[in-house]
Amino acid sequence: MHRKRLNGQGGFSLIELIIVIAVLGILGAIASYSYMGYVNNSNLRSAARDMAADMANTRQKAVSEGLTYRTIISVGANTYTIERGDAAGAAFTVVETKSPTAFGTGLTISSTNYTSNQITYRPRGTISAGNVVLINSRDSTATITSNITGRTHVSFTIK
């Protein structure tokens, strides 16, 4: 015969509850750190792909309009400016200025090896060869590389 106990021995002790809350807190901290790393790297990928898309679109505009375009990369200001040339080829006007920080804080233009930090898009479809490197707060990098034929691709080193 089983007897039902009514003397308050069911449930959890205060120590058991504190241990469970501590374990959940530790798991939450680990998950939060991993999630922030994912967000930072995702922002880097988005910024790099956006810049590569801007390069491809600017090349296409140069071909379709028969004008020279250029992108001026300012590493110190962390921006790049797209400019359109005139029909005489003498003057350039600013079309758009962008920054990788639009995709999140901690994204910077680390370096570029384009001559004079400038990418030139010619009406026949060729562009300057070189690369530009973006970096995030986790030291992950995205390298956007173009060759003279206009092919542009992005490679990532994720940390």
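Computed from heavy atoms alone, side chains included, the values below leave out hydrogens, waters and symmetry copies.
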Side chain to side chain donor-acceptor pair (under 3.5 Å): which pairs involve residues 123-134, sequence neighbours left out? none

Output yes when a side-chain donor or acceptor of Y114 lies under 3.5 Å from a complementary backbone atom of G130, and no otherwise. yes

Between R84 and E65, does a side-chain contact (heavy atoms from CB on, under 4.5 Å) hold up when you go through it step by step? CA-CA 10 Å; R84 177 180 49 245; E65 296 173 10; 3.6 Å; yes

Sorted by chain and number, sequence neighbours left out, side chain to side chain contact (heavy atoms under 4.5 Å, CB included) with T97 holds for T79, T81, V94

Once you round to the nearest 0.5 Å, how far does CG of L44 lie from OG of S140? 6.5 Å

So how far is it from I127 CD1 to M55 CE, rounded to the nearest 0.5 Å? 4.5 Å

Would you say V132 ends up clustered with I82 if hydrophobic residues are merged whenever their side chains have heavy atoms under 4.5 Å apart, either directly or through other cluster members? yes

Just wondering, more than 12 heavy atoms not from I148 lying within 6.0 Å of its CD1? no

Between the side chain of N40 and the main-chain N/O of D139, is any donor-acceptor distance below 3.5 Å? no

With sequence neighbours excluded, residues passing side chain to side chain contact (heavy atoms under 4.5 Å, CB included) with S46: F103

Would R138 pass as a cation-pi partner of Y38, given that its NZ or CZ must be under 6.0 Å from the six-membered ring centre and within 45 degrees of the axis? no

Can a donor-acceptor pair be found between the side chains of N41 and N136 at a distance below 3.5 Å? yes

Go through it in stages, so that I can follow the logic: the residues are T120 and T68, the test is side-chain contact (heavy atoms from CB on, under 4.5 Å), and I'd like the CA-CA distance, side-chain angles, deciding distance and then a yes or no. CA-CA 7 Å; T120 303; T68 300; 3.8 Å; yes

Assess the side chains of T71 and Y121: does a donor N or O sit below 3.5 Å from an acceptor N or O? yes

Output the distance between atom CD1 (I26) and atom CD1 (I21), rounded to the nearest 0.5 Å. 12.5 Å

Apply salt bridge (charged side-chain N to carboxylate O under 4.0 Å, His left out) to K98 and list each qualifying residue two or more places apart in sequence or on a separate chain. D50, D54

Give the cluster check for F156 versus I135: same hydrophobic cluster or not, with ILVMFWY residues linked at side-chain heavy-atom distances below 4.5 Å. no

Given side chains that start at C-beta, do those of T112 and V133 come closer than 4.5 Å, heavy atoms only? no

How would you list, by chain and number, every residue that makes a side chain to side chain contact (heavy atoms under 4.5 Å, CB included) with S13, sequence neighbours excluded? I15, E16

Interatomic spacing from CG in L134 to OG1 in T108 - rounded to 0.5 Å: 7.5 Å

Output, in order, the C-alpha distance, side-chain angles, deciding distance and verdict of side-chain contact (heavy atoms from CB on, under 4.5 Å) for Y80 and M51. CA-CA 9 Å; Y80 61 97; M51 187 171 188; 3.9 Å; yes

Can you check whether I109's main-chain N or O pairs, donor with acceptor, with N78's side chain at less than 3.5 Å? yes

With rounding to the nearest 0.5 Å, note down the distance linking CD in E83 to CD1 in I119. 12.0 Å

Is it true that a side-chain atom of R59 and a backbone atom of G125 form a donor plus acceptor pair closer than 3.5 Å? yes

If you take all heavy atoms of A47 and L107, which pair is closest and at what distance? CB-CD1, 4.0 Å

Within this structure, what is the CZ-CG distance for the pair R122 and L67, rounded to the nearest 0.5 Å? 14.0 Å

Dump the intermediate steps for side-chain contact (heavy atoms from CB on, under 4.5 Å) on T105 and T101, then the final yes or no. CA-CA 5 Å; T105 58; T101 57; over 6 Å; no

Is there a path of hydrophobic side-chain contacts, each under 4.5 Å between heavy atoms of I, L, V, M, F, W or Y residues, that connects V154 with I158? yes

Tell me which pairs pass salt bridge (charged side-chain N to carboxylate O under 4.0 Å, His left out) where either residue lies in residues 140-154, with sequence neighbours left out. none

